[in-house]
Amino acid sequence: MIDLSLMGRLAFTHATPTKSPLQPGRNFLGIAEERDAVLYVPTGLEPNVAVPLLVMFHGAGGSAEKVLPFLEEHAERNKFLLLTPQSLYPTWDIVIGGNGPDIQRLGLALAEVASRYLIDPEHFGFAGFSDGGSYSLSTGITNGDIVSHVIVFSGGFMSVFMQEGAPKVFISHGLVDEQLPIETSARPHVAKLKAAGYEVEFVEFNGNHSIQPPIVALAVDFFLK
């Protein structure tokens with residue numbers, strides 16, 4: 001039997017929580033001794049009410065601590081859970097050579113979150129910057145039957161072995177990106193996705209290879225509307 005995780009598929013199902021909620025703020029989930037996943041929990045969540053979940057993947061050489069500041073304020077204000085996994089190696093496995101430990105660790109992190117919170121299936125999103133954007137796009141499209149929204153900040157490539165479901169897609173990219181030129185990344189990705197029937201919101205901005213707070217705000221609105 002083929003291990004579908006090697007093709008990027010997650011063995012995740014929504015479930016009724018069986019554990020107590022975590023304290024507001026940043027929480028390590030305890031799924032790994034090193035580079036553990038971090039869950040930001042906003043204050044004032046109502047018990048037993050479905051809550052949106054956004055998963056944010058960091059860029060190459062990055063960490064949860066580097067991307068959390070861009071989204072924590074939004075998570076707090078809009079009352080959604082923010083999960084920030086961390087790649088086992090300096091970047092995500094799919095960038096190095098194919099799906100492996102990171103997809104397995106992601107599955108463990110999602111299961112842990114679902115054991116404590118009722119996740120809103122209509123607002124269960126993947127987001128990422130740079131290599132994390134590539135990971136979000138590739139893994140989100142592959143798992144579009146469970147992921148409702150895919151957000152890509154300056155992603156480089158799209159590696160999809162199978163298409164499932166029809167998640168809504170938001171892609172942003174800088175016009176003067178010196179690392180991942182828009183002509184060879186975002187624009188062809190948008191064209192391919194639209195040709196395949198996906199609903200895509202595309203934002204080009206006058207900037208370089210970086211996370212832009214105003215673009216993050218647009219992406220959060222896209223995720224929650």
Side-chain angles (χ1 to χ4, degrees), residues 8 10 25-42 52-76 80-110 112-113 124-143 147 149-159 169-174 177-180 185-186 189 205 207-220 222-223:
L10 287 161
R26 296 184 185 184
N27 295 269
F28 287 100
L29 292 185
I31 64 163
E33 292 185 5
E34 296 183 1
R35 294 181 65 78
D36 194 7
V38 181
L39 180 69
Y40 180 84
V41 179
L53 170 64
L54 184 63
V55 183
M56 177 68 183
F57 302 101
H58 61 72
S63 64
E65 288 75 15
K66 286 187 176 181
V67 294
L68 277 166
F70 290 98
L71 282 158
E72 280 177 319
E73 181 180 340
H74 294 284
E76 182 62 36
F80 64 85
L81 295 168
L82 175 60
L83 175 62
T84 51
Q86 303 192 81
S87 60
L88 179 61
Y89 302 109
T91 192
W92 301 95
D93 51 13
I94 196 173
V95 181
I96 299 172
N99 292 290
D102 289 335
I103 196 74
Q104 296 168 359
R105 287 155 60 102
L106 175 60
L108 292 174
L110 290 172
E112 180 62 21
V113 175
F124 176 23
F126 282 5
F129 168 66
S130 193
D131 276 5
S134 299
Y135 196 80
S136 171
L137 181 58
S138 302
T139 308
I141 295 298
T142 301
N143 294 278
V147 176
H149 295 74
V150 175
I151 297 170
V152 183
F153 301 114
S154 304
F157 68 87
M158 176 170 56
S159 178
V169 182
F170 176 100
I171 295 179
S172 66
H173 213 102
D177 191 321
E178 72 287 358
Q179 296 187 37
L180 299 170
S185 53
H189 294 161
F205 61 91
N208 59 8
H209 191 70
S210 60
I211 300 178
Q212 302 283 331
I215 303 299
V216 173
L218 290 176
V220 170
F222 164 84
F223 172 55

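The analysis underlying the following values was restricted to heavy atoms, covering all of them including side chains, and did not include hydrogens, waters or symmetry mates. Counting begins at 1 with the first residue of the sequence.
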Please report the shortest heavy-atom distance between Ala75 and Pro42, naming the atom on each side.
O-CB, 3.5 Å
Rounded to the nearest 0.5 Å, how far does CD1 of Ile211 lie from CE of Met56?
4.5 Å
Where do Phe223 and Leu53 come nearest, in terms of heavy atoms and distance?
CZ-O, 3.4 Å
Does His149 have its ring centroid less than 6.0 Å away from the ring centroid of Phe222?
yes
For Leu110 and Val55, work out which heavy atoms get closest and say how close.
CD2-CG2, 4.0 Å
Where does the angle between the aromatic ring planes of His209 and Phe129 fall among parallel (under 30°), tilted (30 to 60°) and perpendicular (over 60°)?
tilted
side-chain contact (heavy atoms from CB on, under 4.5 Å) between Leu180 and Ser130, worked out:
CA-CA 8 Å; Leu180 299 170; Ser130 193; 4.1 Å; yes
Write down the atom of Ser87, the atom of Asp102, and the distance for their closest heavy-atom approach.
CA-OD1, 3.5 Å
For Ala64, is there any backbone N or O sitting under 3.5 Å from a side-chain donor or acceptor partner on Gln86?
yes
From Leu29 CG over to Leu108 CG, what is the distance, rounded to the nearest 0.5 angstrom?
10.0 Å
Report the residues that fulfil side chain to side chain donor-acceptor pair (under 3.5 Å) with Gln212, sequence neighbours left out, ordered by chain and then residue number.
Ser210
Answer yes or no: is there a donor N or O on one side and an acceptor on the other, between the side chain of Ser159 and the main chain of Ser138, under 3.5 Å?
no
Criterion ring-ring contact (aromatic ring centres under 6.0 Å, His included) against His58, the qualifying member of Phe153, Phe70, Trp92, Tyr135
Trp92
Show the numbers, then the answer: is there a side-chain contact (heavy atoms from CB on, under 4.5 Å) between Leu68 and Leu82?
CA-CA 8 Å; Leu68 277 166; Leu82 175 60; 3.8 Å; yes
Between Leu71 and Thr84, does the side-chain contact (heavy atoms from CB on, under 4.5 Å) criterion hold? Intermediate values first, please.
CA-CA 10 Å; Leu71 282 158; Thr84 51; over 6 Å; no
Kindly say whether Thr91 contributes a backbone atom to a donor-acceptor pair with the side chain of Asp131 at under 3.5 angstrom?
no
Nearest 0.5 Å please: distance from the CD1 atom of Ile151 over to the CZ atom of Phe126.
11.5 Å
Is there a donor-acceptor contact under 3.5 Å from the side chain of Asn143 to the main chain of Gly8?
yes
So does Gly30 get a backbone contact from the side chain of Asp36, meaning a donor-acceptor N/O pair under 3.5 Å?
yes
Is Ile103 close to Thr139 at the side-chain level, that is, under 4.5 Å between some pair of heavy atoms?
yes
NE2/His173 to OG/Ser154 distance, rounded to the nearest 0.5 angstrom?
5.0 Å
Closest heavy-atom contact between Ile141 and Val150?
N-CG2, 4.3 Å
For a side-chain contact (heavy atoms from CB on, under 4.5 Å) check, start with the C-alpha distance between Asn99 and Thr142, then their side-chain angles and the critical distance, and finish with the verdict.
CA-CA 12 Å; Asn99 292 290; Thr142 301; over 6 Å; no
For Tyr89 and Pro101, work out which heavy atoms get closest and say how close.
CE1-CG, 4.1 Å
Pairs touching residues 65-74 that satisfy salt bridge (charged side-chain N to carboxylate O under 4.0 Å, His left out), sequence neighbours left out:
Arg26-Glu72, Glu73-Arg77
